[in-house]
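In listed order, ligands and their atoms are each counted from 1. What you see is a predicted model, and the numbers here were worked out from it, not measured in a lab.
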Amino acid sequence: MKLSELKQVLSENNIRTKKRLDQHFLYDSSILKREVEYAGVTELDTILEIGPGIGTLTEKILEKTENVTVIELDQSFRKILEKLNIQIVIADALKVDWEKLFQEYETPKFNKIISNVPYSISSPLIFKILKYAPELAVLCLQKEFAERMVAQPGTKNYSRLSVNCSVRADVELVEQIPKEEYYPIPKVDSAIVRITPKPNAQRPTPNTLEKFDSIVRAAFQHKNQKLKKALMHSWKEFGAKQGRGEGATKEDVQKFVDKLGEIGERKVFEISADEFVKISKL
Ligand code: SAH
């Protein structure tokens, strides 16, 4: 699609793009096509697309499979989307219970997610996807966010997000998209990532994951400090989580920290996800 055609679709449908909903549209067919290719979509796949907008990416998905459900928050796109043979859910993708959605619509359960993600919901959406664990997700996100997702220990972008992604999935940054490819042009560049959640057998147990989350959260509040110090600095929050609301005392947290040994002396941003898992098992 040419930019002029995109503008025409918008004006014909009386649509004014809303900044508040991160409405920036990709229209270059070759980029959209590659995005679908990264997901390896075949006719056997059932796709969930989040934030279809005027459906340019949706049309590319439909070239590969006819099983597509979209969740779009802005109902002004409904009329355009109804021209496509898809299931349309007008709702906030974060608030919808994805399991129930498919009971309600009696569609087969989706196995892959594709989305040009509204920037402002990136973080909660990623956590929702990691929890739901589809076979695969291909997402276009703000470039800096994508870089944080794939960052390795000891590097500048290594963060709580990196650790959380790495323990639950394999994440690859597959392509960068300059902001000029969008209309209207956003403030930031984007990047496409492919997320392959790990099968349950390779993930830590829910109990370990819960502890993992609270340790990682507490530690990364002070990511340039030694782990020992960082956990002591966040002892209140960390202790409350471990004591399930009853609240462990500072002494309890101190006892735990003393058990850490050598790893307690390392800087938080140098500790790998696997090491955080080991720590959670303590
Ligand atoms: N997929 C289109 C549009 C991406 S813009 C393209 O590639 O060009 C992001 C889209 O997400 C917009 O259509 C916006 O209305 C929608 N959106 C924003 N917040 C949403 C939410 N919480 N749930 C579902 N859709 C949302």
Side-chain angles (χ1 to χ4, degrees), residues 1-11 13-39 41 47-64 68-84 86-98 100-101 105 110 112-129 132 137-143 145-146 174-194:
M1 190 185 257
K2 290 201 194 95
L3 178 55
S4 56
E5 292 171 302
L6 170 73
K7 286 182 177 170
Q8 199 183 337
V9 174
L10 293 174
S11 79
N13 290 278
N14 292 321
I15 292 170
R16 266 204 253 147
T17 55
K18 303 182 180 78
K19 253 206 191 118
R20 169 175 65 81
L21 293 181
D22 304 305
Q23 290 175 353
H24 302 279
F25 300 103
L26 268 179
Y27 50 93
D28 183 306
S29 296
S30 58
I31 298 178
L32 296 166
K33 218 170 148 179
R34 281 203 297 282
E35 202 169 343
V36 179
E37 276 165 14
Y38 293 135
V41 180
I47 308 293
L48 173 68
E49 188 194 344
I50 294 158
I54 61 164
T56 37
L57 179 59
T58 323
E59 283 178 33
K60 295 287 171 232
I61 303 172
L62 284 168
E63 288 175 11
K64 300 286 179 191
V68 182
T69 301
V70 300
I71 307 180
E72 169 60 59
L73 182 55
D74 188 346
Q75 61 166 335
S76 48
F77 296 120
R78 187 197 281 276
K79 235 178 67 198
I80 305 179
L81 294 170
E82 273 172 353
K83 291 179 190 148
L84 304 171
I86 52 173
Q87 300 272 0
I88 303 165
V89 178
I90 300 293
D92 183 335
L94 292 178
K95 290 192 184 143
V96 169
D97 181 336
W98 294 348
K100 293 227 175 82
L101 181 77
Y105 285 77
F110 64 84
K112 294 180 180 175
I113 297 177
I114 303 183
S115 173
N116 285 339
V117 176
Y119 299 128
S120 55
I121 67 166
S122 300
S123 190
L125 188 70
I126 293 296
F127 280 93
K128 188 159 174 151
I129 291 173
Y132 188 88
V138 170
L139 309 174
C140 194
L141 298 148
Q142 180 175 344
K143 191 178 125 214
F145 188 89
V174 286
E175 182 174 343
Q176 302 199 6
I177 315 277
K179 55 180 183 288
E180 291 76 19
E181 297 289 350
Y182 290 84
Y183 177 81
I185 298 179
K187 288 205 179 80
V188 293
D189 292 324
S190 293
I192 302 176
V193 297
R194 175 168 45 210

Checking Lys128 now: which residues fulfil side-chain contact (heavy atoms from CB on, under 4.5 Å) with it, not counting sequence neighbours?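 Here the qualifying residues are Trp98.
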Please enumerate all residues that pass side-chain contact (heavy atoms from CB on, under 4.5 Å) together with Ser30, with sequence neighbours excluded.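 Scan of Ser30 (side-chain contact (heavy atoms from CB on, under 4.5 Å), adjacent residues dropped) gives Asp28, Arg34.
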Does any part of the side chain of Glu35, heavy atoms only, come nearer than 4.5 Å to the side chain of Cys140, both counted from C-beta?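 Side chain of Cys140 against side chain of Glu35, heavy atoms only: contact under 4.5 Å found.
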Which atoms form the tightest heavy-atom contact between Ile54 and Ile80, and what is the distance?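 Reported closest heavy-atom pair: O-CG2, 3.6 Å.
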Distances only, to 0.1 Å: what are the N or O pairs between ligand 1 and the protein that fall under 3.5 Å?
{"residue": "ligand 1", "atom": "1 (N)", "partner": "Gly51", "partner atom": "O", "Å": "2.9"}
{"residue": "ligand 1", "atom": "1 (N)", "partner": "Pro52", "partner atom": "O", "Å": "3.4"}
{"residue": "ligand 1", "atom": "7 (O)", "partner": "Asn116", "partner atom": "ND2", "Å": "2.3"}
{"residue": "ligand 1", "atom": "8 (O)", "partner": "Leu26", "partner atom": "N", "Å": "2.9"}
{"residue": "ligand 1", "atom": "13 (O)", "partner": "Gly53", "partner atom": "N", "Å": "3.4"}
{"residue": "ligand 1", "atom": "13 (O)", "partner": "Glu72", "partner atom": "OE1", "Å": "2.8"}
{"residue": "ligand 1", "atom": "13 (O)", "partner": "Glu72", "partner atom": "OE2", "Å": "3.4"}
{"residue": "ligand 1", "atom": "15 (O)", "partner": "Gln23", "partner atom": "NE2", "Å": "2.9"}
{"residue": "ligand 1", "atom": "15 (O)", "partner": "Glu72", "partner atom": "OE2", "Å": "2.6"}
{"residue": "ligand 1", "atom": "22 (N)", "partner": "Asp92", "partner atom": "OD1", "Å": "2.9"}
{"residue": "ligand 1", "atom": "23 (N)", "partner": "Ala93", "partner atom": "N", "Å": "3.0"}
{"residue": "ligand 1", "atom": "25 (N)", "partner": "Leu73", "partner atom": "N", "Å": "3.3"}

For Lys18, is there any backbone N or O sitting under 3.5 Å from a side-chain donor or acceptor partner on Gln23?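 It does hold such a pair.
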Kindly write out the residues that satisfy salt bridge (charged side-chain N to carboxylate O under 4.0 Å, His left out) with Asp22, not counting sequence neighbours, or none if the list is empty.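 Salt bridge (charged side-chain N to carboxylate O under 4.0 Å, His left out) check on Asp22 returns nothing, list empty.
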